[in-house]
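Just below is one structure, and these are the notes that go with it.
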Amino acid sequence: MLDSKIIRERTELLNESLRKRGVSFDVEALLKVDEKRRMLIKETERLKNEKNKLSDDIARLKKAGSDTKDYITHLKDIGKRIGELDQELRQTEKQWDDMMLIIPNIPHTSVPEGTTEEDNKVVRIWGEKPAFDFEPLPHWDIGERLDILDFKRAAKITGSRFTLYKSFGAQLERALINFMLDLHTREHGYTEVLPPFMVNRQTMTGTGQLPKFEDELFRLDGIDYFLIPTAEVPVTNIYSNEILIEDELPIKFVAYTPCFRKEAGAHGKDTRGLTRQHQFNKVELVKFSLPETSYDELEGLLLDAEDVLRRLNIHYRVSLLCTGDLGFSSAKTYDIEVWLPGQNIYREISSCSNFEAFQARRAMIRYKKTNGKNEFVHTLNGSGLAIGRTVMAVLENYQNQDGSITVPEVLRPYMNGLERFYK
RNA sequence: GGAGGGAUGGCUGAGCGGCCGAAAGCGGCGGUCUUGAAAACCGUUGGGCGUUUACGCGCCCCGUGGGUUCGAAUCCUACUCCCUCCGCCA
């Protein structure tokens, strides 16, 4: 959520932001509702003030044994009027809230303007495309040949966009989770948390998934809980409605969770392999930062995520998302795109964002400054990394001509020292 | 699932329907004292919203929502969460 002051006092900044993002929103209507809302607040508060004063008078008069009948009649009238106005105010505030909650964050000035991912800017390339003296296969072929990824049976068990991992496949998934958690906790200073995988509506609203993106979420029947689409949701909300202490910041968490997404808008897209699943694993990095250092923290977070691929020795590039490709809650996002030789493409494997105070304002996450004032923290997060997509990357980059897979060195301690997997 | 108990400020814990945003203690912060620290003493110490250049002023918040009343932390009601015991259970 944006600061309501920005909307009133810096309307042109908001309009500019909406234009750059390619989002249409009736700012004028919001301003009208806002004015009505504030007018009603003023009027009800004036009446309540009168009511409080008269009530005190009655208490005093009763003590003195005087007659209070006229006062009480008058107060009844005021009470009735307050009731009416309060109801109108509640409706207006609901309208105001509904509008405020669907306005996207304002992009940072360093974000390039653009409409599609074509306009994203590559800011860094690490490593290089490996040379193969044979035609490298896409991971779905590798997975089926080695009998480690079973898409057909997963479809039978549940439906499309699910995968049954077997033997080396399941172990590789598990090894990557542990490798990433160990790397981030031991070397990058993150504290590991294991949060609930279902959250309530308020939590989903806090990070920005609701109210706008409900159709992307799996919702439980009979109780208003949702399966998390990313660990960002429960982990960022760890401190909702809390006031942190300036000295404690930054706070850094890493969490492994499965993620559940409907992928409603992706019919027919990425239907093969592990790329786009309804359920996938992810190790997520989350930071709570001081506002003045949050962009440095973003660069650090990005490097922490990149470090996973560097240690796996897999070629990737980093893109800075343009305004049109930027997520709803984010002010600035870098994507890490891993090289997949079997498909001859770069594929997003991590998304690292600074949300500034956008989520903190929704979730009420503040910190007490040393001068005693409370302020919203900045929240950040990034995949460190998406596990399924890392499995894709390992399989495609480490495949051998004989169909075997070389185990990346850093993963061997997590796989009983296995160096190479044959069927 | 059944039975009972509870929810008040950072924490502990009082609170007759009007004088309660709320006693007291602890903690925190500032000060006196001290070479320094501790102790002691004095002072101070929640949040949201609206308004204001600002000082300030006003409204709201005692788990959440509704109700009774001229007036609710206090009465009624529904819900949520926590604790204890029983049952079931990974």
Side-chain angles (χ1 to χ4, degrees), chain A residues 1-10 30-101 194-206 219-220 222-226 234 237-249 251 258 288 357-377:
Chain A
M1 193 152 67
L2 298 175
D3 188 342
S4 62
K5 280 206 189 78
I6 286 188
I7 287 153
R8 259 188 316 245
E9 293 162 20
R10 306 198 54 195
L30 174 61
L31 284 171
K32 267 193 194 141
V33 171
D34 186 54
E35 201 180 321
K36 184 176 179 194
R37 170 183 147 266
R38 285 181 302 142
M39 189 268 291
L40 285 168
I41 288 172
K42 270 192 223 171
E43 182 58 12
T44 49
E45 288 191 354
R46 191 185 63 75
L47 285 171
K48 282 176 183 173
N49 182 230
E50 199 178 331
K51 182 189 89 170
N52 290 342
K53 280 184 184 151
L54 286 172
S55 277
D56 285 349
D57 289 345
I58 290 175
R60 217 170 296 126
L61 289 170
K62 275 213 164 166
K63 226 176 182 178
S66 310
D67 179 45
T68 57
K69 207 180 266 169
D70 290 348
Y71 278 83
I72 287 174
T73 327
H74 186 201
L75 258 183
K76 268 191 175 164
D77 288 345
I78 295 182
K80 209 175 146 206
R81 181 80 186 120
I82 290 175
E84 290 163 5
L85 279 178
D86 255 345
Q87 204 187 337
E88 202 180 342
L89 176 59
R90 267 202 299 273
Q91 285 172 3
T92 309
E93 282 192 319
K94 171 83 169 59
Q95 268 180 30
W96 185 81
D97 259 351
D98 289 349
M99 292 172 112
M100 287 296 287
L101 285 172
L194 183 62
F197 302 159
M198 301 174 201
V199 300
N200 59 34
R201 186 169 284 274
Q202 192 194 333
T203 296
M204 272 304 179
T205 307
R219 185 170 146 218
L220 300 189
I223 185 165
D224 202 23
Y225 292 170
F226 299 84
N237 278 283
I238 285 174
Y239 292 124
S240 66
N241 296 304
E242 291 194 32
I243 300 174
L244 305 168
I245 301 163
E246 179 162 7
D247 299 343
E248 296 171 342
L249 298 173
I251 294 171
F288 301 85
F358 188 84
Q359 295 180 325
R361 195 172 285 112
R362 289 172 162 244
M364 285 297 280
I365 309 168
R366 291 165 292 166
Y367 73 102
K368 194 171 279 297
K369 300 179 74 152
T370 39
N371 69 16
K373 279 204 153 191
N374 295 331
E375 207 170 285
F376 291 111
V377 301

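Residue numbers begin at 1 in each chain, while the letters A, B, ... track the order of the sequences.
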Looking at every non-hydrogen atom in both residues, tell me the closest pair between [X] and [Y] and how far apart they are.
| X | Y | result |
| --- | --- | --- |
| Pro234(A) | Val199(A) | CB-CG1, 4.1 Å |
| Val377(A) | Ala360(A) | O-CB, 3.2 Å |
| Tyr367(A) | Ile243(A) | C-CG2, 4.1 Å |
| Leu31(A) | Arg8(A) | CD2-CA, 4.0 Å |
| Glu246(A) | Lys369(A) | OE1-CA, 3.2 Å |
| Leu220(A) | Met198(A) | CD1-SD, 3.3 Å |

What distance, rounded to whole Å, do you find between the two [atom1] atoms, one in [N] and one in [M]?
| N | M | atom1 | value |
| --- | --- | --- | --- |
| rG46(B) | rC62(B) | C1' | 12 Å |
| rG9(B) | rG2(B) | C1' | 36 Å |
| rU77(B) | rU68(B) | C1' | 10 Å |
| rG15(B) | rA90(B) | P | 45 Å |
| rG71(B) | rG66(B) | P | 16 Å |
| rU44(B) | rC26(B) | C1' | 16 Å |
| rC42(B) | rA24(B) | P | 13 Å |
| rG25(B) | rC61(B) | P | 27 Å |

Expressed in angstrom and rounded to an integer, what is the separation of [X] atom [atom1] from [N] atom [atom2]?
| X | N | atom1 | atom2 | result |
| --- | --- | --- | --- | --- |
| Met364(A) | rG47(B) | CE | P | 11 Å |
| Ile245(A) | rU45(B) | CD1 | P | 19 Å |
| Asp86(A) | rG66(B) | CG | C1' | 14 Å |
| Asp77(A) | rG71(B) | CG | C1' | 16 Å |
| Lys76(A) | rU68(B) | NZ | C1' | 12 Å |
| Leu85(A) | rC59(B) | CG | C1' | 14 Å |
| Arg361(A) | rG48(B) | CZ | P | 13 Å |
| Ile82(A) | rU69(B) | CD1 | C1' | 14 Å |

### Query
With respect to the phosphate group of rG58(B), does any side-chain polar atom (N or O) of Asn49(A) fall under 4.0 Å of OP1 or OP2?
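Looking at the OP1 and OP2 atoms of rG58(B), neither is under 4.0 Å from any side-chain N or O of Asn49(A).
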### Query
Would one find a side-chain N or O of Lys368(A) under 4.0 angstrom from OP1 or OP2 of rG47(B)?
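Affirmative; the distance criterion is met.
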To the nearest 0.5 Å, what is the distance between [atom1] on [X] and [atom2] on [Y]?
| X | Y | atom1 | atom2 | value |
| --- | --- | --- | --- | --- |
| Lys36(A) | Ile41(A) | NZ | CD1 | 12.5 Å |
| Ile245(A) | Leu249(A) | CD1 | CG | 9.5 Å |
| Asn49(A) | Lys51(A) | CG | NZ | 11.0 Å |
| Arg60(A) | Tyr71(A) | CZ | OH | 9.5 Å |
| Glu50(A) | His74(A) | CD | NE2 | 5.5 Å |
| Leu89(A) | Leu85(A) | CG | CG | 8.5 Å |

Do [Y] and [X] meet the salt-bridge criterion of a basic N to acidic O distance under 4.0 Å?
| X | Y | result |
| --- | --- | --- |
| Glu84(A) | Arg81(A) | yes |
| Lys53(A) | Asp57(A) | no |
| Arg37(A) | Asp34(A) | yes |
| Lys48(A) | Asp86(A) | yes |

When you compare the protein's N or O atoms with those of nucleotides 16-19 of chain B, which come within less than 3.5 Å of each other, and at what distance?
| from | atom 1 | to | atom 2 | distance (Å) |
| --- | --- | --- | --- | --- |
| rG18(B) | O6 | Lys62(A) | NZ | 3.2 |

Pairs under 3.5 Å (Watson-Crick or G-U), crossing ones as [ ], inter-strand ones as |: RNA chain B comes out as (((((((..(((.....[.....)))((((((.......))))))((((((....)))))).(((((..]....))))))))))))....
* **Glu43(A)/Arg46(A) under salt bridge (charged side-chain N to carboxylate O under 4.0 Å, His left out): CA gap, chis, key distance, verdict** => CA-CA 5 Å; Glu43(A) 182 58 12; Arg46(A) 191 185 63 75; 3.0 Å; yes
Among rG58(B), rG66(B), rC70(B), which nucleotide sits nearest the side chain of Arg90(A)?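 Selected nucleotide: rG66(B).
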Would you tabulate the nitrogen or oxygen pairs shorter than 3.5 Å linking the protein to nucleotides 60-64 of chain B?
| from | atom 1 | to | atom 2 | distance (Å) |
| --- | --- | --- | --- | --- |
| rC60(B) | OP2 | Asn52(A) | ND2 | 3.3 |

Pairs under 3.5 angstrom, nitrogen or oxygen only, protein versus nucleotides 6-11 of chain B, please.
none

* Answer yes if the side chains of Asn200(A) and Thr203(A) hold a donor-acceptor pair under 3.5 Å, and no otherwise. =>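 There is such a pair (donor and acceptor under 3.5 Å, judged by atom type) between the side chains of Asn200(A) and Thr203(A).
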For atom CZ of Arg10(A), decide whether the heavy atoms of other residues, nucleotides or ligands shown that lie under 6.0 angstrom number more than 12.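 Counting neighbours around CZ of Arg10(A), 12 or fewer heavy atoms of other residues, nucleotides or ligands fall under 6.0 Å, so no.
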### Message
Judged by each residue's nearest nucleotide on RNA chain B, which is more toward the 5′ side, Ile72(A) or Ile243(A)?
### Response
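Closer to the 5' end of RNA chain B: Ile243(A).
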Contact string for nucleotides 73-83 of chain B, one letter per nucleotide 5' to 3', B = base within protein heavy-atom range under 4.0 Å, S = sugar-phosphate only, - = neither, reads -----------
For nucleotides 49-51 of chain B, which of its nitrogen or oxygen atoms have a protein nitrogen or oxygen under 3.5 Å away, and what is each distance?
| from | atom 1 | to | atom 2 | distance (Å) |
| --- | --- | --- | --- | --- |
| rG50(B) | OP1 | Arg37(A) | NH2 | 2.9 |
| rU51(B) | OP1 | Arg38(A) | NH1 | 2.8 |

* To do: Give a yes or no answer on whether the side chain of Asn374(A) reaches the backbone of Arg366(A) with a donor-acceptor pair at less than 3.5 Å.
  =>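 Between the backbone of Arg366(A) and the side chain of Asn374(A) there is no qualifying donor-acceptor contact (under 3.5 Å).
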